[in-house]
Amino acid sequence: MKPSIPKGTRDFSPTEVANRTYIMNTIKKAFETFGFQPIETPSFENASTLMGKYGEEGDRLIFKILNSGDYLAKADENVLTAKNSLKLTSQISEKALKYDLTVPFARYVVQHQNEITFPFKRYQVQPVWRADRPQKGRFREFYQCDADVVGSKSLWQEVEFIQLYDKVFSQLGLLKTSIKINNRKILSGIAEVIGAQDKLIDFTVALDKLDKIGKEKVEIEMLAKGISEEAIKKVQPLFSFDGSNEENLDALASMLQSSEEGTKGVEELRFVINSVTELGLKSARLEVDVTLARGLNYYTGAIFEVSAPKGVKMGSIGGGGRYDDLTGIFGLKDVSGVGISFGLDRIYLVLEELGLFKSVDNPKPKVLFINFGKEEALYCMKAIAHLRAKDIKSELFPDAAKMKKQMNYANKRKIEFVVLVGSQEIENNQFTLKNMISGEQYSLNINELIASLN
RNA sequence: GUGGUUGUAGCUCAGUUGGUUAGAGCGUCGGUUUGUGGUACCGAAAGUCGUGGGUUCGAGCCCCAUCUUCCACCCCA
C-alpha cells in the first residue's frame, strides 16, 4: 500500500517547521506587545456550537465527527430511509472540528464570563479545518492566528488592530501590504438608501465583483437580482471609487446622509482612518474599500481584509472585524467584540514567493563528535555532558561509521564544528576541534574546548 | 458543491502515429580513499507509469470510473 495523507493536508519538513515557527513567534510576540494573552480551545466542539454560525455555505464546510457506537441503529428510521443528509447529520454527528477561532472564543467568553476581567484581550494560534475544495493557499487544515478584544465598544481597538497588522507584516519584511477597511453599517446604509434592505447580500456580492467584471456587468447582475434601476443610479459614486480615502468618505457621507445607520458607519470609518493616519503606519497601506463584504454573517461594524503586496497571486492573508452580538447567541448580551486573524499558511506562501525566509535556520548542534569506536565514544560522551551543561548544542554521531559518512552528515546539517577523538587524543587528554568552514583545527583540553565553543 | 486540469524512480522531468527490456539529471548508497568532509571519477540500488476497469494481437500513450494536484466559480485565511 502506498501511504498518503488526506486531500488538503500537508506534512512539514524541519525547514518548513522552522519557517512556520518563525512566523508564529513573530505574530505571538506582537500580540503580547499589544497586551493580548493566549488561550486555547479544543480541536472539536459540540456541533451545535458551530452549526448555523457561518451561514449555509459555512455549515457545508464544517467537518462533522461521527458519533461513537452503532450510530445508524440509533438514528430515526424515517430520516434514514428518506436519505435526508441534512437531518441525518444532526442525528449521527454531535461533534465537529472547529471551523475558525472566533466562534469557539465567543463560546469560551460566555462559559467563563465570571472568571474573565473585561475588556478581555486574548490571542489564539491553532489549526482549524474546512471541508473545502483545496487550491493554492487554500487547505482543509490550516492555522489561524487570532487576536480579539471583547467587552469594549471603543473604536481605538480598531485603530490598534490596524497598527498590529502593520507591525507584524513590517517585521516579517512583507512590505506594502494593503489593509482594506469597510463598515457593515455603511453597507446596510447603502441598502437602506436604495430601498433594498432585504437584498443587502445580493447587492454586496455583486458590488464585490466590480474590479473583476466591470461596472456594466455588475449593474446587469444587480438588475437580475431585482435591484431597481433607480436604486443603482443612486449609488453610482460607488462605481468610481478611486480617489483618496478622504474623498471616498466624503462621497459616502453625502450618499448616505438620509440613512442614520449609514451615516454612523461613515463616522466610525472616518474616526479610524483619521486616527491611523495621525499615528502613522510603518509599511502597510490603509484603503477604504466599500466592496469589502466578508463575514457578513456576524460582523456589525468594521470589516478588515489584508491582501498581499501587489504582484503576489494570493487571496487574503488576514481578515477581521467587529461583531456586536456574537456572544448573544450563547446567552451573553451586550458584549461587543472586535478582532483580526492572520492566515499563517498563506503568509508562509507569500514570504516564500518573495524569498524572505533566507535568514531562518534549522535547529542544529554547534558541534558534532566523530565516533571512532566504543572507547572513544565514551570519552566523547563525557565531554558532551560538560558542553550540554553549558547549553552548547552538541551530539555524538551514533555509529562508528566511516569518517566520510560522518563528515558528510556534519556538512549536510551545516554543523560548524566537529571534534575528532582517537587513541592519541585520549592518551593526551585532548580534543581535536575542526572548523568545518575554514578547515582549521586545534588540539585542545576540555576547558579550552568549552571556551572556544561557548 | 459545479466546471476544467494534473499524475512516469526519493525530487525535477523526458518518453515519437499505441509496438520488444520505460530513460536522464539531482539525490541516496557503495568504491577510488580503514584518522579528515565539500570537488572529481567509477559503479549500484531504486518505478505494478496515481489506482481500478475497458478497447486492442499489443497501452505510460486511447476510453470510463475513482483518488490526488492545480485553476475558475462559490466562499474564505
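Below, read A as the first sequence line, B as the second, and so on, with proteins coming before strands; counting in each chain starts at 1.
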Query raised in the report: Are the ring of A:Y143 and the base ring of B:A77 both nearer than 5.5 Å at their centres and tilted by less than 30°?
Result: no
**Report entry** Sugar-phosphate only, base, or nothing, as touched by A:D345 at under 4.0 Å among non-hydrogen atoms
**Finding:** nothing
Query raised in the report: Between the base of B:G38 and the side chain of A:N411, is there any donor-acceptor pair under 3.5 Å?
Result: no
Report summary line: Taken to the nearest whole Å, CZ/A:F397 to C1'/B:U36 is 15 Å
Query raised in the report: Taking atom C1' in both B:C11 and B:G18, what distance in whole Å separates the two?
Result: 30 Å
Restricting both atoms to N or O, compile the protein contacts to nucleotides 30-35 of chain B shorter than 3.5 Å, with distance only.
unit_1, atom_1, unit_2, atom_2, d
B:G31, OP1, A:K402, NZ, 2.0
B:G31, OP2, A:K402, NZ, 2.9
B:U32, O4, A:K404, NZ, 3.3
B:G35, O6, A:G422, N, 3.1
B:G35, O6, A:S423, N, 3.2
B:G35, O6, A:E425, OE1, 3.0
B:G35, N1, A:E425, OE1, 2.9
B:G35, N1, A:E425, OE2, 3.2
B:G35, N2, A:E425, OE2, 3.0

Report task. For the residue pair A:T9 and A:E141, confirm or rule out a side-chain donor-acceptor distance under 3.5 Å. Result -> no
Query raised in the report: Please give, in whole Å, the distance from B:G27 C1' to A:R413 CZ?
Result: 18 Å
Requested in this report: Could you check how far CZ of A:R10 sits from C1' of B:A77, rounded to whole Å?
Outcome: 11 Å
**Report entry** Under-4.0 Å salt bridge between A:E57 and A:R60
**Finding:** yes
**Report entry** B:U21 and B:C49, which share atom name C1', separated by this distance in whole Å
**Finding:** 15 Å
Requested in this report: Provide, to the nearest angstrom, the distance between the OH atom belonging to A:Y409 and the C1' atom belonging to B:U36.
Outcome: 18 Å
Query raised in the report: When you match A:F342 and A:I415 each to their closest nucleotide on RNA chain B, which lands nearer the 5' end?
Result: A:I415
Query raised in the report: What interatomic distance, in whole Å, is found between C1' of B:A40 and the corresponding atom of B:G35?
Result: 22 Å
Query raised in the report: Under 4.0 angstrom, heavy atoms only, what part of the nucleic acid is A:G439 near: base, sugar-phosphate, or nothing?
Result: base
Query raised in the report: If you pin A:Y54 and A:E440 to their nearest nucleotides in RNA chain B, which one's is more 5'?
Result: A:E440
Query raised in the report: Which part of the nucleic acid, if any, lies within reach of A:K313 when heavy atoms closer than 4.0 Å are counted: base, sugar-phosphate only, or nothing?
Result: sugar-phosphate
Query raised in the report: Quick one: CG on A:N19 to CE on A:M24, what's the gap to the nearest 0.5 Å?
Result: 11.0 Å
Query raised in the report: If you measure from the P atom in B:G27 to the same atom in B:U36, how many Å do you get, rounded?
Result: 24 Å
Query raised in the report: Mind checking the C1' distance from B:G60 to B:G15? Whole angstroms is fine.
Result: 8 Å
Query raised in the report: Counting only Watson-Crick or G-U wobble pairs whose two distances fall under 3.5 Å, which nucleotide matches B:C26?
Result: B:G10
Query - P gap between B:G1 and B:U66, integer Å - result: 11 Å
Query raised in the report: Which part of the nucleic acid, if any, lies within contact of A:G373, taking any heavy atom under 4.0 Å across all strands shown: a base, the sugar-phosphate backbone alone, or nothing?
Result: nothing
Query raised in the report: Going by atom types alone, do A:Y99 and A:E45 pair a side-chain donor with an acceptor below 3.5 Å?
Result: no
Query raised in the report: Picking from B:U2, B:C73, B:G38, which would you name as closest to the side chain of A:R138?
Result: B:C73
Requested in this report: Choose from B:A77, B:U69, B:C74 the nucleotide whose nearest atom is closest to any side-chain atom of A:P134.
Outcome: B:U69
Query raised in the report: Mind checking the C1' distance from B:G23 to B:U16? Whole angstroms is fine.
Result: 14 Å
Query raised in the report: Quick one: is B:G37 close enough that its OP1 or OP2 comes under 4.0 Å of any side-chain N or O from A:Q406?
Result: no
Report task. Find the distance A:R346:CZ to B:C76:C1' and express it as a whole number of Å. Result -> 6 Å
Query raised in the report: Distance check: side-chain N/O of A:K434 vs OP1/OP2 of B:U36, anything under 4.0 Å?
Result: no
Query - Separation between the P atoms of B:C73 and B:A9, rounded to whole Å - result: 32 Å
Report summary line: Separation of B:A72 atom C1' from A:R133 atom CZ, nearest Å, is 11 Å
**Report entry** Donor on one side chain, acceptor on other, A:T41 and A:K98, under 3.5 Å
**Finding:** yes
Query - Complementary nucleotide for B:G18 - Watson-Crick or wobble, under 3.5 Å - result: none
Requested in this report: Rounded off to whole Å, could you give me the NZ-to-P distance for the A:K64 and B:G1 pair?
Outcome: 11 Å
Query - Complement of B:U66, any strand, by Watson-Crick or G-U distances under 3.5 angstrom - result: B:G50
Query raised in the report: Between A:Q441 and A:T432, what is the shortest heavy-atom contact and its length?
Result: NE2-CG2, 3.7 Å
Report summary line: Paired to B:A40 by Watson-Crick or G-U wobble criteria (both distances under 3.5 Å) is B:U32
Query raised in the report: Between the side chains of A:E16 and A:S13, is a donor N or O closer than 3.5 angstrom to an acceptor N or O?
Result: yes
Query - Base paired to B:C74 (Watson-Crick or G-U; both N/O distances under 3.5 angstrom) - result: none
Report task. Select one nucleotide: of B:A72, B:G1, B:C75, the one nearest the side-chain heavy atoms of A:Q135. Result -> B:A72
**Report entry** Atom of A:I92, atom of A:A75 and distance for their closest heavy-atom approach
**Finding:** CG2-CB, 4.2 Å
**Report entry** Heavy atoms of other groups near A:H386 NE2, more than 12 under 6.0 Å
**Finding:** no
Requested in this report: Would you mind classifying the nucleic acid contact of A:G58 as base, sugar-phosphate or nothing, using non-hydrogen atoms under 4.0 angstrom?
Outcome: nothing
Query raised in the report: Once you round it to whole Å, what is the distance between C1' of B:C76 and CH2 of A:W129?
Result: 17 Å
Query - Short side-chain to backbone donor-acceptor contact, A:D345 and A:R138, under 3.5 Å - result: no
